[in-house]
Amino acid sequence: MGGLTDWTYKRFWAHVEHPYRRLRRRLLELAGPGLTILDAGCGHTAPNLQELRDSGATLIGVDLVHLEPQPGMELIEADLGRIPLPDASVDLIYSRSVMEHVVDPDAVYGEAARLLKPGGRWIFLTANRWDYVSIVSRLTPNRFHAGIVRRFEGRDEIDVFPTAYRTNDRSQIAHYAAAHGFRIDAFERHGQYPAMFYRVGPLFLLATFFEKAVIKLPFLAGLRGWLYVELVKR
């Protein structure tokens, strides 16, 4: 992207595990023959689900967007609060960058609880509502989000969705988990390189200093950008 951006990334971030890799690593640990795995919010081509294709698991993806058929998996166009699958039919559910868009957490948590077998696991990686990007997003009307993201990240408008942040901190997650029969098995806060400013070298460098402080200093952990959560159905 340019000299300063490239230098900053290589100097400070090249060897830091991105939260996406943290989720992928865990899914590859768990996936195996005989399991049914559901990607809740899989995206148009279910790219994350495709990485589990060699695991031997039965793979299902669900999303409201138009889904393009993919070999080796079942893709269902449906709301995450109303998924046309039988009770207790899934061993593992996961979601990546989805929960910040959920407007009815009760419905989504309830549906996950219905679909999972006893002892089944729901893993999600989502934005922390107290991260600076999330705070700005909450203060900015959703109609402006697509233009801002396109300007700073170069992402197409079709891949930008309204945000709600209704289950995006520890207290919110604990509330809905308890209400729907889950226990929290893992709760981690992760930082990453400041992707929002990747196309603007000076801002990328300044934001990097902030992110590094948030990652290093325990008393700032609540400001880290990502929440990694594992819930287990009781």
Test of understanding: clusters of I, L, V, M, F, W, Y form through side-chain heavy atoms closer than 4.5 Å, transitively. Do [X] and [Y] belong to the same one?
X: Leu59; Y: Leu67; answer: yes
X: Tyr176; Y: Val232; answer: no
X: Val102; Y: Leu38; answer: yes
X: Leu28; Y: Leu30; answer: yes
X: Leu206; Y: Leu217; answer: no

Report yes if the side chains of [X] and [Y] come closer than 4.5 Å at any heavy-atom pair, otherwise no.
X: Arg189; Y: Arg170; result: yes
X: Ile93; Y: Leu116; result: yes
X: Asp185; Y: Arg121; result: yes
X: Phe187; Y: Glu230; result: no
X: Pro202; Y: Val200; result: yes
X: Arg166; Y: Val103; result: yes
X: Asn48; Y: Arg24; result: no
X: Asp79; Y: Val62; result: no

Using modelled atom types only, decide if a donor and an acceptor are shared between the side chain of [X] and the backbone of [Y] within a distance under 3.5 Å.
X: Thr140; Y: Ser137; answer: no
X: Thr208; Y: Phe204; answer: yes
X: Lys233; Y: Ala113; answer: yes
X: Arg53; Y: Pro71; answer: yes
X: Gln172; Y: Asp169; answer: yes
X: Ser95; Y: Ala40; answer: yes
X: Lys212; Y: Phe12; answer: yes
X: Arg183; Y: Leu231; answer: no
X: Asp91; Y: Leu35; answer: no

- Between Asp39 and Tyr94, do the side chains contain an N or O donor and an N or O acceptor separated by less than 3.5 Å?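 There is such a pair (donor and acceptor under 3.5 Å, judged by atom type) between the side chains of Asp39 and Tyr94.
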- Message: Quick one about Asp63 and His44 (side-chain donor to acceptor, distance below 3.5 Å, no hydrogens or angles considered), yes or no?
- Response: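 Judged by distance alone, the side chains do not pair up.
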Nearest 0.5 Å, please: how far is [atom2] in [Y] from [atom1] in [X]?
X: Asp131; Y: Met196; atom1: CG; atom2: CE; result: 9.5 Å
X: Thr167; Y: Asp104; atom1: OG1; atom2: CG; result: 11.5 Å
X: Asp87; Y: Arg114; atom1: CG; atom2: CZ; result: 5.0 Å
X: Thr163; Y: His101; atom1: OG1; atom2: NE2; result: 7.0 Å
X: Leu227; Y: Leu125; atom1: CG; atom2: CG; result: 8.0 Å
X: Leu23; Y: Arg96; atom1: CG; atom2: CZ; result: 7.5 Å

Looking only at heavy atoms, which two atoms of [X] and [Y] are closest? And how far apart?
X: Lys117; Y: Ser89; result: CE-C, 4.1 Å
X: Arg224; Y: Val214; result: NE-O, 3.1 Å
X: Cys42; Y: Leu75; result: SG-CD2, 4.3 Å
X: Glu100; Y: Ala127; result: OE1-N, 3.6 Å
X: Ser55; Y: Ala31; result: CB-CB, 3.6 Å
X: Ala57; Y: Ile37; result: CB-CD1, 3.7 Å

Run the side-chain hydrogen bond (donor to acceptor under 3.5 Å, both in side chains) test against [X] and tell me which residues pass, sequence neighbours left out.
X: Glu68; result: none
X: Asn168; result: Thr126
X: Asn128; result: none
X: Gln192; result: His18, Trp226

- Residue pair Ile76, Leu85: steps toward the side chain to side chain contact (heavy atoms under 4.5 Å, CB included) verdict: CA-CA 10 Å; Ile76 302 169; Leu85 291 172; 4.0 Å; yes
- salt bridge (charged side-chain N to carboxylate O under 4.0 Å, His left out): pairs with one or both residues in residues 7-19, sequence neighbours excluded: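 Sorted result for residues 7-19: Glu17-Arg25.
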- Check step by step if side chain to side chain contact (heavy atoms under 4.5 Å, CB included) holds for Thr36 and Ile60. CA-CA 8 Å; Thr36 297; Ile60 304 172; 3.8 Å; yes
- Item | ring pair (Phe, Tyr, Trp, His ring centres under 6.0 Å): pairs with one or both residues in residues 118-141, sequence neighbours excluded |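 The answer is Tyr109-Trp122, Trp122-Phe124, Trp122-Phe182, Tyr132-Phe210.
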- Message: If you apply the rule side chain to side chain contact (heavy atoms under 4.5 Å, CB included), what do you find for Leu27 with Ile123, and how did you get there?
- Response: CA-CA 9 Å; Leu27 293 175; Ile123 303 175; 4.3 Å; yes
- Message: Taking CZ in Arg26 as the centre, count heavy atoms belonging to other residues, nucleotides or ligands within less than 6.0 Å. Is the count above 12?
- Response: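 Result for CZ/Arg26: enclosed.
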- Message: Do Arg22 and Tyr228 form a cation-pi contact, if we require the NZ or CZ to be under 6.0 Å from the six-membered ring centre and within 45 degrees of the ring's axis?
- Response: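 The answer is yes, since Arg22 meets both limits relative to Tyr228.
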- Message: Apply side chain to side chain contact (heavy atoms under 4.5 Å, CB included) to residues Asp106 and His180 and explain how you reach the verdict.
- Response: CA-CA 8 Å; Asp106 271 315; His180 294 281; 2.9 Å; yes
